[in-house]
Amino acid sequence: MGRNKFSQSEINAIAKLLRLKNAGNRAKQKLVRHDLRVDYEFNISDFNEPGKAFGEEELQEAIRRGAIEILDDATIADMKEKRARDKARDEAAREKEAIDNGATDWKKAMKEWQEWEEESR
């Protein structure tokens, strides 16, 4: 599941991408859905009715029924910052667990490789 809280400027950009998606061919639609997921953490499947196209009108309906909240830019920026910190913390924990379970510490290996290359020059 992606986000359900966006700033008004993000909603405007998402609406524009939805217009492009509905006007495009299959390949273009796939690219737009990718952009929605990656750039805005917006998953159409979180808000649409199965089997029904999702466009700008459905976006506005999701806002009206409260499935999507519009917050101010500062709050959204804080949320994104917190998500980034949480993601980095979780990734560091996964990396540590993998190393503890015998995986190669690729950061350490890369540092050793770079040191070896510098010494070889």
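The first residue in the sequence is number 1, and the count goes up from there.
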- Any chance you could measure Leu17, atom CG, to Tyr40, atom OH, to the nearest 0.5 Å? 6.0 Å
- Task: Spell out, as yes or no, whether a donor-acceptor pair under 3.5 Å connects the side chain of Lys21 to the backbone of Phe54.
- Result: yes
- Query: Any chance CD of Glu91 has more than 12 other-residue heavy atoms, nucleotides or ligands included, within less than 6.0 Å?
  - Reply: yes
Report, one line per pair, each donor and acceptor closer than 3.5 Å where one atom sits in a side chain of residues 63-88; sequence neighbours left out.
unit_1, atom_1, unit_2, atom_2, d
Arg64, NE, Glu61, OE1, 3.3
Arg64, NH2, Glu61, OE1, 3.3
Arg65, NH2, Phe47, O, 2.8
Asp72, OD1, Thr75, OG1, 2.7
Asp72, OD2, Ala74, N, 3.3
Asp72, OD2, Thr75, N, 3.1
Asp72, OD2, Thr75, OG1, 3.2
Asp73, OD1, Ser7, OG, 3.3
Lys80, NZ, Glu10, OE2, 2.8
Glu81, OE2, Arg85, NH1, 3.3
Lys82, NZ, Asp86, OD2, 2.7
Arg83, NE, Glu41, OE1, 3.0
Arg83, NH2, Glu41, OE1, 2.4
Asp86, OD1, Arg89, NH1, 3.3

- Decide if atom CD of Glu117 counts as having more than 12 heavy atoms of other residues, nucleotides or ligands within a radius under 6.0 Å. yes
- Item | Asn43 (side chain) donor-acceptor with Ser45 (main chain) under 3.5 angstrom | no
- Message: Check this for me, if you would: do Asp90 and Arg94 make a salt bridge, where the nitrogen-to-carboxylate-oxygen distance has to be below 4.0 angstrom?
- Response: no
- Note on the structure: Separation between CD (Glu56) and CD1 (Ile11), nearest 0.5 Å, reads 10.5 Å
- Asp46 versus Gly2, closest heavy-atom pair with distance: OD2-N, 2.9 Å
- Message: Do Leu20 and Leu36 sit in one hydrophobic cluster, given that two such residues count as connected whenever their side-chain heavy atoms are within less than 4.5 Å of each other, even indirectly?
- Response: yes
- Message: Using 0.5 Å steps for rounding, measure from the CD atom of Gln29 to the CG atom of Leu18.
- Response: 11.0 Å
- Gly55 backbone acceptor or donor facing Glu58 side chain under 3.5 Å: yes
- Here the gap from Lys28 atom NZ to Asn22 atom CG, rounded to the nearest 0.5 Å, amounts to 12.5 Å
- Message: Quick check for you: to the nearest 0.5 Å, what is the distance between Ile44 atom CD1 and Arg37 atom CZ?
- Response: 8.0 Å
- Query: Between atom CG of Asp35 and atom CZ of Phe42, what is the distance when rounded to the nearest 0.5 Å?
  - Reply: 13.0 Å
- Report yes or no: do Leu31 and Ile14 belong to one cluster of Ile/Leu/Val/Met/Phe/Trp/Tyr joined by side chain heavy-atom distances under 4.5 Å? no
